[in-house]
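Treat the numbers as computed from the prediction; the structure is a model and nothing was measured. To find a chain, count down the sequence lines: A is the first, B the second, and so on, and within it residues start at 1. Worth knowing before you read on, the calculation uses all heavy atoms, side chains too, and leaves out hydrogens, waters and symmetry mates.
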There are 2 protein chains.
Amino acid sequence: MRQIIEERTGSYSRHASVPDMHGAYLRVAAHVTVLHEGDTARRIMEVVEGAMMLTKLLPDGRRQVVELLGPGDVFGLAACDVYACSAETLTTAVITTHDRGALDRDPALASRLLRRFETQLCAMHSHALVLGRMSALERVAFFLLRLMPESVVGGTLHLAMTRQEIADFLGLTLETVSRAFSELKRRGLVALLRADEVQINDRNSMRRLAGAA
Amino acid sequence: MRQIIEERTGSYSRHASVPDMHGAYLRVAAHVTVLHEGDTARRIMEVVEGAMMLTKLLPDGRRQVVELLGPGDVFGLAACDVYACSAETLTTAVITTHDRGALDRDPALASRLLRRFETQLCAMHSHALVLGRMSALERVAFFLLRLMPESVVGGTLHLAMTRQEIADFLGLTLETVSRAFSELKRRGLVALLRADEVQINDRNSMRRLAGAA
DNA sequence: CGTGCTGTTGAACGAAGTCAACCCTCGTGG
DNA sequence: CCACGAGGGTTGACTTCGTTCAACAGCACG
């Protein structure tokens with residue numbers, strides 16, 4: 001584990017040594033691939049701090065960002081014995097890992113993960129609705145609302161993702177995402193301070209667009 | 001107990017109260033809505049036998065089938081305190097239910113559900129890739145492979161879903177699904193004995209289409 | 001100042017959606 | 001036993017939304 005993290009952090013590498021201990025915290029730089037789709041699944045991980053994304057690839061290179069993760073979210077899952085997704089940090093992040101065997105030995109851990117799996121599964125259900133049935137504009141509105149919790153009212157949201165990454169999350173192309181942002185701006189629903197700095201002006205209209213999600 | 005079963009089989013009776021018996025089995029007829037999106041989430045359920053689908057609706061009536069369930073799969077999930085999806089039987093089915101509180105009291109149950117959630121979450125990840133990045137033909141190929149396990153080689157697959165339901169699962173229209181079936185038939189990858197009776201003739205080509213999934 | 005990214009915008013194209021006609025199968029009742 | 005009707009499925013013609021291809025703009029960095 002230790003080598004993997006350092007290996008992948010490349011030039012960003014910071015913490016020289018992180019022991020491979022149960023529940024150990026790892027700090028990882030932004031834009032680092034922590035897990036590779038198809039690698040043997042040995043450990044299960046949690047995001048403690050920061051943001052990450054899970055991605056899947058098609059043989060011809062088409063990519064889907066299947067899930068966005070924040071603090072508390074779990075990743076490193078496997079249907080059989082290999083990881084189903086790659087996992088990449090969007091920001092610097094702190095993660096913790098557990099041996100897969102610990103799930104059986106530690107009921108408290110199992111209970112916590114179970115709870116978390118449930119919310120992630122529900123999030124995936126919403127995402128399926130977005131990918132399967134929503135227009136480009138609706139998808140982008142949904143995306144922004146999802147990232148902007150109620151609390152942050154007049155606040156400005158910093159996007160840690162490029163247009164391409166957002167597109168891969170929403171099942172669109174980067175051009176279409178860009179056009180959708182422009183359209184939302186034209187309609188006065190959002191303001192773009194910079195390309196990665198968004199303000200939601202008309203939350204109700206946004207919610208209507210996103211299907212009251 | 002008995003009454004509830006009959007009550008449900010009659011027609012889609014909205015919201016029958018389920019007896020609070022741990023692990024009771026319920027037999028339900030085909031095409032019955034067992035759970036309604038938005039209802040208060042009291043119980044968590046497992047499919048014992050048969051097939052079901054989970055659906056979500058947009059205010060304007062657009063529908064997405066977010067998940068297909070078979071024996072062992074869990075449903076009745078909620079991110080907050082209400083069900084995130086409706087659940088409907090595709091065939092006659094046997095289900096069992098647990099009080100949500102049982103998750104904390106019963107570690108064996110929690111462990112089993114955890115395992116199951118993991119595979120369902122992985123299935124959702126695949127599904128996101130399908131919905132976000134695959135063409136119509138690829139989606140239908142993927143769908144058929146998913147329903148046709150390796151074992152059944154020359155066998156014929158009975159589809160328990162209409163074209164509309166398949167379309168809602170794959171994020172397409174029923175016409176597009178129909179055209180995709182015809183195209184697969186034209187190419188000799190499948191044979192359609194009847195509209196709901198499919199045979200896979202060229203598994204390799206199908207797998208290539210579906211992205212080696 | 002270039003140079004290299006990322007993002008925006010325009011024009012043309014194409015895959016899937018829409019609308020509509022028709023077909024097939026099956027169950028029912030004359 | 002056949003005729004009919006209803007529901008699901010197929011196919012065709014046309015439209016539309018998002019993609020593709022391409023040019024250009026803003027900005028950070030050397």
Rounded to whole angstrom units, what separation is found between the [atom1] atom of [X] and the [atom2] atom of [N]?
X        : N      : atom1 : atom2 : value
A:Leu137 : D:dT16 : CG    : P     : 18 Å
A:Arg186 : C:dT8  : CZ    : P     : 12 Å
A:Arg62  : C:dA15 : CZ    : C1'   : 13 Å
A:Gln164 : C:dT6  : CD    : C1'   : 11 Å
B:Ile166 : D:dT10 : CD1   : P     : 9 Å
A:Met161 : C:dG7  : CE    : P     : 11 Å
B:Leu193 : C:dT25 : CG    : P     : 13 Å
A:Glu165 : C:dC5  : CD    : P     : 16 Å

Give the nucleotide from the list [options] with an atom nearest to the side chain of [X].
X        : options                : result
B:Leu174 : D:dT10, C:dA16, C:dT8  : D:dT10
A:Thr162 : C:dG7, C:dT8, D:dG9    : C:dG7
B:Ser135 : D:dT10, D:dG18, C:dA16 : C:dA16

So that I can tick it off, tell me whether A:Glu183 and A:Arg187 are bridged by a salt bridge, with the cut-off set at under 4.0 angstrom between side-chain N and carboxylate O. yes
Give me each pair satisfying side-chain hydrogen bond (donor to acceptor under 3.5 Å, both in side chains) with a member in residues 59-68 of chain A, each pair once, sequence neighbours excluded. A:Asp60-A:Arg62, A:Arg62-B:Glu138, A:Arg63-A:Asp168, A:Glu67-A:Gln120, A:Glu67-B:His125
Any pair with a residue in residues 72-85 of chain B that passes side-chain hydrogen bond (donor to acceptor under 3.5 Å, both in side chains), sequence neighbours left out, goes on the list, sorted by first then second residue, please. B:Asp73-B:Arg116
Give a yes/no verdict on a cation-pi contact between A:Arg186 and A:Phe181, requiring under 6.0 Å between NZ or CZ and the six-membered ring centre and an angle within 45° of the axis. no
Give me, pair by pair, the N or O atoms of the protein and of nucleotides 17-22 of chain C that are less than 3.5 Å apart, along with how far apart they are.
residue	atom	partner	partner atom	Å
C:dG17	OP2	B:Thr173	N	3.3
C:dG17	OP2	B:Thr173	OG1	3.1
C:dG17	OP2	B:Thr176	OG1	2.4
C:dT18	O4	B:Arg179	NH2	2.7
C:dC19	N4	B:Glu175	OE2	3.1

B:Thr92 meets the side chain to side chain contact (heavy atoms under 4.5 Å, CB included) criterion, sequence neighbours left out, with none
Report yes or no: does B:Thr40 contribute a side-chain atom to a donor-acceptor pair with the main-chain N or O of B:Val82 at less than 3.5 Å? no
Would you say the side-chain atoms of A:Thr91 pair up with the backbone N or O of A:Ala51, donor to acceptor, closer than 3.5 Å? yes
Looking only at side chains, do B:Thr97 and B:Arg43 share a donor and an acceptor under 3.5 Å apart? yes
How sharply is the helix from C:dC1-D:dG30 to C:dG30-D:dC1 bent, taking the axes over five pairs at either end and rounding to 10 degrees? 20°
For a side chain to side chain contact (heavy atoms under 4.5 Å, CB included) with B:Arg194, tell me which candidate from B:Val198, B:Asp196, B:Leu192 qualifies. B:Asp196
Full working for side-chain contact (heavy atoms from CB on, under 4.5 Å) between A:Leu113 and B:Phe117: CA-CA 10 Å; A:Leu113 293 198; B:Phe117 276 7; over 6 Å; no
From the options B:Phe169, B:Phe143, B:Phe142, select the one residue that forms a ring pair (Phe, Tyr, Trp, His ring centres under 6.0 Å) with B:His127. B:Phe169
Return a single string for nucleotides 25-30 of chain D, one symbol per nucleotide in 5' to 3' order, where B is base contact, S is sugar-phosphate-only contact and - is none, cutoff 4.0 angstrom on heavy atoms. ------
Tell me, yes or no, whether the heavy-atom count around A:Arg112 atom CZ, taken from other residues, nucleotides or ligands under 6.0 Å, exceeds 12. yes
Can a side chain N or O of B:Ser182 be found less than 4.0 Å away from OP1 or OP2 on D:dT11? yes
